[in-house]
Amino acid sequence: MNMKLKRTLAATMACMMVAGTVGCSSGSKPEASQGTAKPEGTTQKEVSADEPGWMRNSDDKVNLQWYINFSWFTTPWGEDMTSQKITEETGIDIDFIVPAGNEAEKLNTMLASDTLPDILTLGWWEGQIKEMIDSDMVYALNELADQYDPYFFKVADDARLGWYTQEDGNVYAYPNSSYTPSDYEKYDNISSNQTFLVRKDMYEAIGSPDMSTPEGFLDALRKAQEMFPQVNGQPLIPIGFHEFGETGNWSVEKYLQDFLAIPYEKDGKLYDRTTDPEYVRWLKTLNQASREGLIANDVFVDKRSQMEEKIAQGRYFAMMYQRTDMAAQQKILYNNDPNSIYIAIDGPKNAAGDDHILQGGGIYGWTVTLISKNCERPDRAIELLTYLMSEHGQKRVCLGIEGETYDMVDGKPVVKDEVKQLLQTDRTAYDRKYGADDTFWMLQDLAMQLQWTEGPQEPLAQLEEWTYPYTTFLSQYEGLDPAVGTEEEIIGLKIGRAWGEVLPKLLLAQSDAEFDELFNKFLADRESLGYEKLMAVKQAMMEENKVKLGLE
């Protein structure tokens, strides 16, 4: 994910909790069948498709409660200059509601008690979204726009609306951080999060070797281990990955397959990437590294927090990792010694040496925002969404306030030095004071914002810019998970757990014969669990995705 998508924030959020979880005021819910009837108490003027509703109705002051389904989000609305400006322009004030602990527990409690707040933002993958739609607990955004703010359709992206249109023809959720196929045609600086990283000083010390072949990869790990057996008194970790979990490891599965440019489909049919000869060859390369003592035991047991500590210490020589997941640690290394940072280089490649095919941002985005039928002012809620989705709103949440956080120089926005300094040194203080740079990311349009951003800054710039040539739109292959409760879903879960169990064993196998035995047994088990039936469902979902994206 993009850095802004996984910003590490403190979990403490007492300052953000507000009493209750109901809508903005008590009373009966507005019904979708009310047509163009205005909500009680509104002073809303006549609707127009030529002017956004927030501009017509900013004198109609309202307070909306907005639920954010991420416990780490701790920034209140109204303390910083950006959110104050948005309230001034729209007449809408916000009270954020954020779970103090388990997000699913909080959301499920609100669903069970029918106490959803006015607006909700949660990950697009959350199963509760379908429950809210099926239970008629959220408004169709297109119907609200028709009734109260037709300008919504001028700022909404047609491809995103099409992607999120349900079987009934309505759109109930709108995404943030979403990229469409046309975005990839328009911009050449869309990034991927997938990187192969090496510690700069160590890599240069061993001669900056080519690590894209199995031979070069293993030789580089050997040289690094020999030249730098310890880092500040602690053992070097020659190669690192994401943490191992119940269903496997991102780095050793999808990331490695993407680096090897293994196709997702062949002749219109989903391809079995797990059995691709190039992938198996590189799994055996990692197994060889393990047998030579080049994969530390830490790799199989460490969790995210332990990995972050070791990254900050510079103990990994190489990593196949999400660059944004180590951004904070990269800054620590940079401040201590600029030569000790990690840089991105070409990682494992297939035998033909084909370029990597790395996944960039997709049509799903990161989160989606919905309007609850508990909201007694859905007219103002849809106007707020229109504001935030518009170019005016995006420029506001991205840059802040001209003259305060940035200046226009030769027609381009330039962030003030003191603002940039605080952003780079104390993100929490920046959020509370300035509130720009997508502090309020709920409807951020990162593709649109590319026209204003100055580009990545050191020590993160090289990691991001390295991905540009390889970043590829792959949303047609996303979200191919069978419906919850179906036989195919159960099959997928069982196969996932079987793979998660065998993957570490494959890397730790004591011989090629043991590796082959383990791998072949997994394939047989996968088949007996119903792999073909699962793939048939995924195939149908991929074909549907391609139609929705206009890729057929």
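For this chain, numbers begin at 1 and follow the sequence in order.
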Could you give me the CA-CA distance, side-chain angles and deciding distance for R273 and D258, then say whether salt bridge (charged side-chain N to carboxylate O under 4.0 Å, His left out) is met? CA-CA 10 Å; R273 303 178 91 204; D258 286 354; 2.8 Å; yes

Could you go through the side-chain hydrogen bond (donor to acceptor under 3.5 Å, both in side chains) check for Q128 and N69 one step at a time? CA-CA 11 Å; Q128 292 93 337; N69 196 44; 5.9 Å; no

Side chain to side chain contact (heavy atoms under 4.5 Å, CB included) evaluation trace for F153 with N142: CA-CA 8 Å; F153 296 109; N142 53 293; 4.0 Å; yes

Pair K284, D516 - check salt bridge (charged side-chain N to carboxylate O under 4.0 Å, His left out), show working. CA-CA 9 Å; K284 288 189 173 183; D516 291 339; 2.9 Å; yes

side-chain hydrogen bond (donor to acceptor under 3.5 Å, both in side chains) for E253 and W499? Distances and angles first, verdict last. CA-CA 10 Å; E253 298 155 11; W499 175 251; 2.8 Å; yes

For side chain to side chain contact (heavy atoms under 4.5 Å, CB included), just list the numbers for D149 and L144, CA-CA rounded to whole Å, side-chain angles, deciding distance to a tenth of an Å, and then say yes or no. CA-CA 7 Å; D149 194 10; L144 288 181; over 6 Å; no

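Under the 4.5 Å side-chain criterion, counting only non-hydrogen atoms from C-beta, R377 is not in contact with I92. Between M319 and I311 there is a side-chain heavy-atom pair separated by less than 4.5 Å. At least one side-chain heavy atom of R526 sits under 4.5 Å from a side-chain heavy atom of D272. Looking only at side-chain heavy atoms (C-beta outward), N176 and T121 stay at 4.5 Å or farther from each other. Side-chain contact check for D157 versus Y174: some heavy-atom pair is nearer than 4.5 Å. Side chains of V299 and F244 form a contact here, defined as non-hydrogen atoms less than 4.5 Å apart. With a 4.5 Å cut-off on side-chain heavy atoms, E391 and W452 count as touching. Put simply, the side chain of L120 reaches to within 4.5 Å of the side chain of L107, judged on heavy atoms.
Residues Y151 and A49 share a closest heavy-atom pair of CD1-O, 3.4 Å. Listed here is the closest heavy atom pair of F217 and M211: CB-O, 3.7 Å. Across every non-hydrogen atom of D445 and S178, the tightest pair is OD1-O, 4.5 Å. Heavy atoms only, all atoms of each residue included: S71 and V98 are closest at CA-CG1, 3.7 Å. Taking all atoms of both residues into account, the shortest heavy-atom contact from T472 to Y470 is OG1-O, 3.0 Å.
Here K186 contributes atom NZ and L450 contributes atom CG; the two are 9.5 Å apart, rounded to the nearest 0.5 Å. For the atom pair CG of L283 and CG of L503, the computed distance is 7.0 Å after rounding to the nearest 0.5 Å. Here T386 contributes atom OG1 and K154 contributes atom NZ; the two are 11.5 Å apart, rounded to the nearest 0.5 Å. With values rounded to the nearest 0.5 angstrom, Y255 atom OH is found 10.0 Å from N249 atom CG. One finds the CE atom of M389 at 11.0 Å from the CG atom of L384 (value rounded to the nearest 0.5 Å). Here CE of M448 is found 13.0 Å from OG1 of T453. Values are rounded to the nearest 0.5 Å.
D379 and Q147 are not linked by any side-chain donor-acceptor pair at a separation below 3.5 angstrom, with hydrogens and angles left out of the test. Checking T467 against R323 by side-chain atom types alone, no donor-acceptor pair falls below 3.5 Å.
Remark: D136 engages K373 in a salt bridge, criterion side-chain N to carboxylate O under 4.0 Å. Salt bridge status for E543 with K546: absent, with no side-chain N to carboxylate O gap under 4.0 Å. With respect to R304 and D325, a salt bridge is recorded, a charged nitrogen being found less than 4.0 Å from a carboxylate O. In this structure, K106 does not pair ionically with E103, as no charged nitrogen and carboxylate oxygen lie closer than 4.0 Å.
Checked by atom type and distance alone, the side chain of Y187 pairs as donor or acceptor with a backbone atom of A447 at under 3.5 Å. At least one donor-acceptor pair under 3.5 Å links the side chain of T471 to the backbone N or O of S192. Listed for the N545 side chain is a donor-acceptor partner under 3.5 Å among the backbone atoms of E478. Remark: side-chain polar atoms of S290 are paired, donor with acceptor, to backbone N or O of L507 under 3.5 angstrom. When atom types are taken as modelled, the side chain of T195 and the backbone of L197 share no donor-acceptor pair closer than 3.5 angstrom. Side chain of S135 to backbone of M137: no donor-acceptor contact under 3.5 angstrom is found. A distance-only check finds no donor-acceptor pair linking the side chain of Y172 to the backbone of K130 [under 3.5 Å]. Under a 3.5 Å cut-off, the side chain of T247 and the backbone N or O of G500 do not form any donor-acceptor pair. E464 contributes no side-chain N or O that, together with a main-chain N or O of Q462, makes up a donor-acceptor pair within less than 3.5 Å. Under a 3.5 Å cut-off, the side chain of N287 and the backbone N or O of L506 do form a donor-acceptor pair.
Taking D183 as the reference, R160 meet the salt bridge (Lys or Arg N to Asp or Glu O under 4.0 Å) condition, with sequence neighbours excluded. Residues passing the salt bridge (Lys or Arg N to Asp or Glu O under 4.0 Å) test with D346 are K349, sequence neighbours excluded. For the ring pair (Phe, Tyr, Trp, His ring centres under 6.0 Å) test, residues two or more places apart in sequence or in another chain that qualify with Y477 are Y264.
Between F70 and W366, the gap from one ring centroid to the other is short of 6.0 Å. No close placement of the Y164 and W124 rings is indicated, their centers lying 6.0 Å or farther apart.
Among Y179, W163, W125, the single residue meeting the ring-ring contact (aromatic ring centres under 6.0 Å, His included) criterion with Y364 is W163.
E454 CD: more than 12 foreign heavy atoms inside a 6.0 Å radius. Under a cut-off of 6.0 angstrom, the local environment of CG in D188 is sparse, with at most 12 non-hydrogen atoms contributed by other residues, nucleotides or ligands. Other residues, nucleotides and ligands contribute at most 12 non-hydrogen atoms within 6.0 Å of the NZ atom of K494.
Classified by interplanar angle (parallel below 30°, tilted 30° to 60°, perpendicular above 60°), the ring pair W72/W441 is tilted. Taking the six-membered ring where the residue is Trp, F519 and F515 present parallel rings, their angle staying beneath 30° rather than reaching 60°. Using a 30° and 60° split on the angle between ring planes, F96 and F440 fall in the parallel class, below 30°. Using a 30° and 60° split on the angle between ring planes, F259 and W466 fall in the parallel class, below 30°.
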